[in-house]
Amino acid sequence: MAGRLLLVCRVLVRDLRRRPTETVLLLIAITAATGTLTLGLALNEIATQPYQQTRTATAGPDVVAAPRATGPDALAALAPLTTAAGVTAHSGPYPVAFLVLTAHGKTAHAVVEGRDNAPAPLDRPAVTDGTWVRPGGVVLERAFADALGVHTGDTVSVDGRALRVLGTAVTAARTTYPYAGWTSPDSALTERGGLVWVDRGDIAALAGEQPLSYTLNLKLADPEASTAFVDTATTSPRRTVHGGELTTWQDIAEADGRPVAQAQAVLLVGSWLLTVLAIAGVTGVVAVRVSGQRRRVGLLKAVGAGPAMVAVVHLAEYLVIGLAAAGTGLAAGLLAAPTLIQPSAGLLGSVNTQPPALYMVVAATTLALTIAVAATLAPVVRAAATSTVHALADAATPPRRRRWRIWLSRRLPAALLIGIRINARRPRRARLVTMNTLITTTVLVAMLMNHAQDKPFDLGYSELVDPRAERTDQAMLVLTVVLCVLALLNAAVNTWTAVLDARRPLAVARTLGATPAQAGVGLAVAQLLPAVPGVAAGIPAGLGLYTVASRGGIQYPPDSWLLATALGVLLAITALTAIPAMAIAQRPVADTLRSTPT
Amino acid sequence: MTGSTLLAARGLTRRYGRGSGLVRAVDEVDLSVPAGQTLAVMGPSGCGKSTLLHLLGGLQRPTGGKVWLAGRRIDMMSERALARLRRDSVGFVFQSFHLMDELTAVENVELSALLAGQSPRRARQRAMHLLDRVGLVDRADHLPSALSGGQRQRVAIARALSNQPLVVLADEPTGNLDSAATLEVLRLFDDLRTAGQTLVVVTHDTRIAAVADRMITMRDGVFVDDSRLASAATGPVHDGRR
Ligand SMILES: Nc1ncnc2c1ncn2[C@@H]1O[C@H](COP(=O)(O)OP(=O)(O)OP(=O)(O)O)[C@@H](O)[C@H]1O
Ligand SMILES: [Mg+2]
């Protein structure tokens, strides 16, 4: 047993070292998929961890009550809640007014809450800059301040009254900007807006004519029972985050996670696309490797290795690469997550993703091994099952012979003829090219679609960025960059395998009188031909994917953009292929035809 | 001069294709190789020598007839049993060496011992001993690419001997070698014969006659001549088994 293990490890290590380029390529391909998956999963943490931290740091309430009624009616509605069964503490009621804030020429809805300077038993907003409220000043919720570009010491105006910005703070008692729950006094609509705090004594003057609303923070004996508490305390079934009367901390947490939810969906769908791309890439590399190892398979069998042993020797290598790639992908995803996708500024704390959660490790490892096995199982099993004599006699799978293509290509110009024959030899590789361009085009078109959408029309402050769209755009960008890198790598690998495989036939063609240019262009054509259907199918696939993934109100990008994308992809492939193809075609024929047995 | 029958075949047949494309690579041959004998099989290209060797070593299955090795039928064995047979009882030597490029000489030699489940330490000892026997102990840590053709073939022969096989089957072992390297290999085969190793060598090279006890000539899949050689009578005395 020890001897066999030694053998497997020895062959594995030597093989990885002997072909470092391929090893690195495999590693990169699988890492791209696992890294993106980790990034998507890490967004989960970004969505939930900071809220929890903020809730702990600010003595966040379990339930927030905000009646629709105003003035004395509201206070009367809130009074019984402070003594309701299960309530152990409360703070408030605090007066609230729904006003308009202007800063640096930008206007936004502001939920203005009147607070005391002394700390409250529940909901003590954590001051992140400056100081807490004093008469004549205002404290802005941090995400709101960021969106407005407001800093401590600036002056803002609330419904026309100038107030000095005393500082910024975060809270767990209300959803961060832009979902602070701004309700117009004379309509039932809840609109986007941010939260600001002022001194309790200032709010009446700021509100002017507007009757004051009130909000009450409750602490329950059992925070997990908040939903049950709300259900028994309210008679009306209307219980929504923004406008409702009672809101649980879980509702707020969910709403706070919403800005990253779409970005997360983009990355998770993206990681599946990248997985397919990685499988295509790995399959390409493995096919070459295994066919290069065919003589070794024959030899192992001749000295008495059974098919199982042969399969183990060859699979082990890819499993090790898969495991390594799971590690690098996890590390890359976790390191990149906090910098690529900013957690909401409205919450406290950095995202702490190291050590990674167990489910992330499991997910990344499973994905990496799946890619490794999916791409390698077929060629390895095929190699293990080939007859020993065949394997020993021949170093490569005999090329396929496609009669009609050979017939057809005889009627074409020399370069096209060479290209078609190269593909006819290896139809599987041509299919990988198609797959690669299909997925690349799909994602690029989905990206275009995302770009073509009008940002939603907002009353009052359309010039302010929407953190949700911002994060979705970030995620799209990350995905597109990773994908393009992987697609380019795949195309390079594919060209390189085609070049290796076609070296001899091209050399023979040249001894028969084909010029180097014809041979080089032929190779480029061989890559370009299968790319065309991939690009053609990728455009509707990208349009469809975006349409399915987003709900309603789709706008399509102009046709010229789509056409430019298609041409761009084809051009990139041509450029990528032409260079190595020309280089190989310039090599002296005799070098290629010479070979030595070992 | 030799022991009991070690390797035997009856009505051994291997055909390829059918109809007008039918090739009788090996056509109903009978063969009996006593233990300790060195048998040379000669004949023109395409007469079926390699095929015969593959059938005798369990690398290929016959389309008809029977093969026995040490009294056991091998033509009907399962794939697993055949793998074990090749591991324990048969050593192959090929024209193009078939060393693993990424393994050093000694690692190549210990390959089948490790496959057979021997401990790494014992496998290494045995491999060094065999390299010593083929005169390459000072090249143990060289990769095949750093060895000459003759040296590579001697490594391959050491590998074939690794598990003390009942029989060594060699297919044109000197086909890729120049005459000096061929002599090295022939000298090694002569040593093996002296040591009583059963050996079947397929070759074009008539110099093999100098080290063989018996020579079979094939043509179109059948044996056309089977003769004992003078060298057997005058050569070194056989002391039977190892
Ligand atoms: N896979 C195969 N399919 C069809 N015919 C085959 C196959 N393998 C071998 N043959 C035929 O069987 C015959 C014997 O082949 P074999 O390789 O045994 O000859 P050989 O005596 O070893 O020749 P050489 O001296 O050239 O190595 C040949 O005519 C060959 O064409
Ligand atoms: Mg032969």
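To find a chain, count down the sequence lines: A is the first, B the second, and so on, and within it residues start at 1. This structure is a prediction, so every number in the text was calculated from the model and none was measured.
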With side chains defined as the heavy atoms from C-beta onward, is the minimum distance between [X] and [Y] less than 4.5 Å?
{"X": "A:R4", "Y": "B:L114", "value": "no"}
{"X": "A:L299", "Y": "B:R159", "value": "yes"}
{"X": "A:R10", "Y": "B:E110", "value": "yes"}
{"X": "B:M100", "Y": "A:V11", "value": "yes"}

Quick one: closest heavy-atom pair of [X] and [Y], and the distance?
{"X": "A:R18", "Y": "B:E102", "value": "CD-CB, 3.2 Å"}
{"X": "A:A302", "Y": "B:F92", "value": "O-CD1, 3.6 Å"}
{"X": "B:L115", "Y": "A:G304", "value": "CD1-C, 4.3 Å"}

Using a 6.0 Å cut-off, check whether atom [atom1] of [X] has over 12 heavy atoms from anything other than its own residue.
{"X": "B:R73", "atom1": "CZ", "answer": "yes"}
{"X": "B:D220", "atom1": "CG", "answer": "no"}
{"X": "B:R219", "atom1": "CZ", "answer": "no"}

query = side-chain contact (heavy atoms from CB on, under 4.5 Å) between A:R296 and B:D101: does it pass, once the steps are laid out?
reply = CA-CA 9 Å; A:R296 187 168 89 177; B:D101 305 330; over 6 Å; no
key: Residue among B:R80, B:E107, B:Q118 with most heavy-atom pairs under 4.5 Å to chain A   =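 Max contact count across the listed options: B:E107.
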task = Please flag which part of B:A116 lies under 4.5 Å from any non-hydrogen atom of chain A: side chain, backbone, both or neither.
result =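 Backbone of B:A116 only, per the 4.5 Å heavy-atom cut-off to chain A.
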query = What part of B:R61 gets closer than 4.5 Å to chain A, counting heavy atoms only: side chain, backbone, both or neither?
reply =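 When you check distances to chain A, no heavy atom of B:R61 falls under 4.5 Å.
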